[in-house]
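Each remark here refers to the structure printed beneath this line.
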2 protein chains.
Amino acid sequence: MHSPTELAEKFREKQLKLTPQRQLLFGLLHQNDSHPSAESLFEVASKQMPGISLRTVYQTLGELAEMGELQLVDVGTGAKRFDPNMTDHHHFVCESCGAVRDVEIAAKPKMRGGSGKFVISQVGVVFHGRCENCVPTAKRSPAQQAKK
Amino acid sequence: MHSPTELAEKFREKQLKLTPQRQLLFGLLHQNDSHPSAESLFEVASKQMPGISLRTVYQTLGELAEMGELQLVDVGTGAKRFDPNMTDHHHFVCESCGAVRDVEIAAKPKMRGGSGKFVISQVGVVFHGRCENCVPTAKRSPAQQAKK
DNA sequence: TGTTAATTAGCAAGGGTTGCGAACTAGATG
DNA sequence: CATCTAGTTCGCAACCCTTGCTAATTAACA
Ligand SMILES: [Mn+2]
Ligand SMILES: [Mn+2]
Ligand SMILES: [Zn+2]
Ligand SMILES: [Zn+2]
């Protein structure tokens with residue numbers, strides 16, 4: 001995702017208004033690698049701007065996604081996650097606390113057995129497991145980070 | 001998934017009743033590689049057993065999944081898909097018609113960069129694209145198979 | 001400062017799934 | 001075959017996540 005300033009630029013060009021809500025969300029998403037859900041973003045946003053609506057969060061996230069500024073990641077834990085990291089990477093999901101981490105890929109997976117029958121436009125790889133805070137040996141209670 | 005007969009056996013052992021609904025579903029799922037959703041299975045089942053409830057379909061699918069007889073596949077298209085194929089394989093999703101196909105894996109993906117911090121219990125790979133019925137060159141309308 | 005198109009926020013509604021409970025039944029027992 | 005009962009089914013309400021709709025609000029610009 002581009003920086004808040006660059007996003008502001010882009011929005012203006014498309015005659016989209018630079019509202020306080022959008023500016024706040026731009027800031028919250030910038031370099032955010034926590035893969036927040038709309039709901040969790042909403043909670044954080046609400047602290048800085050009480051009264052902001054969940055609807056607006058969804059709306060803004062949707063716009064940014066459409067503009068190719070962030071990707072929607074569905075890791076199968078209910079709510080979709082939003083990821084400003086548009087580089088080619090995959091995800092690890094802690095099945096205990098729900099945390100989502102980036103997994104860099106060494107080499108692009110190659111299609112095998114498809115023999116040219118399909119047209120692949122996107123490959124999503126999701127690793128499910130337990131993060132370091134949640135491996136059984138670690139007794140501490142799972143950090144319920146970014147769960148909802 | 002085991003054969004309907006073997007499943008009947010397993011169910012009896014666990015003092016689970018061998019109801020007509022379950023028998024029907026065992027049969028419909030056996031060697032079914034269409035990755036049906038609960039809803040689509042329900043539709044097919046309803047033809048052979050009018051009156052069967054969607055609730056029962058969900059229930060039975062849940063039981064089979066718990067018994068390790070089938071896996072739930074979430075390909076991010078809304079409803080979860082159910083897959084009696086328990087071998088290690090991945091999935092291709094046609095973004096036009098929603099069809100889900102198996103993709104055999106030549107080699108298991110290796111974790112890299114994780115450096116032993118995580119414990120991986122499952123890896124899901126989903127290829128999104130267009131199936132042979134839906135590639136742009138093919139003018140025929142997308143077969144809306146197994147969509148819902 | 002006024003105008004207006006874009007945006008917001010709230011609420012209803014939608015799709016998918018699960019909890020609950022009353023009615024029903026497979027299977028065991030005599 | 002009649003009885004019994006734990007397990008099952010089914011319908012409905014409720015749940016979560018997300019989107020449609022719309023009246024009220026506001027950023028942007030003349
Ligand atoms: Mn990511
Ligand atoms: Mn499969
Ligand atoms: Zn964790
Ligand atoms: Zn297709």
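We name chains A, B, ... by the order of the sequence lines, and we start the count at 1 in each one.
The distance from atom OG of A:S3 to atom NE2 of A:H30, rounded to the nearest 0.5 Å, is 5.5 Å.
Nearest nucleotide to the side chain of B:A79, out of C:dG16, C:dT25, D:dT18: C:dG16.
Close to D:dC29, at under 4.0 Å from its OP1 or OP2, lies no side-chain N or O of A:Q15. Note on A:T19: a side-chain N or O is less than 4.0 Å away from OP1 or OP2 of C:dT8.
Rounded to whole Å, the distance from OH on A:Y58 to C1' on C:dG10 is 15 Å. In this structure, CD of B:E63 is placed 15 Å from C1' of C:dT17, rounded to the nearest angstrom. Spacing between atom CZ of B:R81 and atom P of C:dG16 amounts to 10 Å, rounded to whole angstrom units. As rounded to whole Å, 7 Å separates atom P of C:dG27 from atom CZ of B:R12. We find that CG of A:D74 is positioned 14 Å from P of C:dG16, with the value rounded to whole Å. In this structure, B:L18 atom CG and D:dT8 atom P are separated by 10 Å, rounded to whole Å. Distance CZ (A:R55) to C1' (D:dC21): 9 Å, rounded to an integer number of Å. Taking atom CG of B:L16 as the reference point, atom C1' of C:dT25 lies 15 Å away to the nearest angstrom.
Here B:Y58 and B:F42 keep their ring centres 6.0 angstrom or further from each other.
Residue whose closest nucleotide on DNA chain C sits further toward the 5' end, between A:T56 and B:A38: A:T56.
Using a 4.0 Å heavy-atom cutoff across all strands shown, A:R22 reaches sugar-phosphate atoms only and no base atom. No contact: B:G62 has no heavy atom under 4.0 Å from any strand. Base engagement by A:Q59 is indicated by at least one non-hydrogen atom pair under 4.0 Å involving a base atom.
With B:H91 as the partner, the side-chain hydrogen bond (donor to acceptor under 3.5 Å, both in side chains) test is satisfied by one option alone out of B:H128, B:R81, B:H35: B:H35.
With hydrogens and angles left out, the side chain of B:K80 and the base of C:dT17 share no donor-acceptor pair within 3.5 Å.
Within the structure, salt bridge (charged side-chain N to carboxylate O under 4.0 Å, His left out) contacts touching residues 53-76 of chain A (residues at least two apart or in different chains) are A:K10-A:E69, A:R22-A:E63.
Counting heavy atoms from C-beta outward, B:D102 and B:D83 have side chains that approach closer than 4.5 Å.
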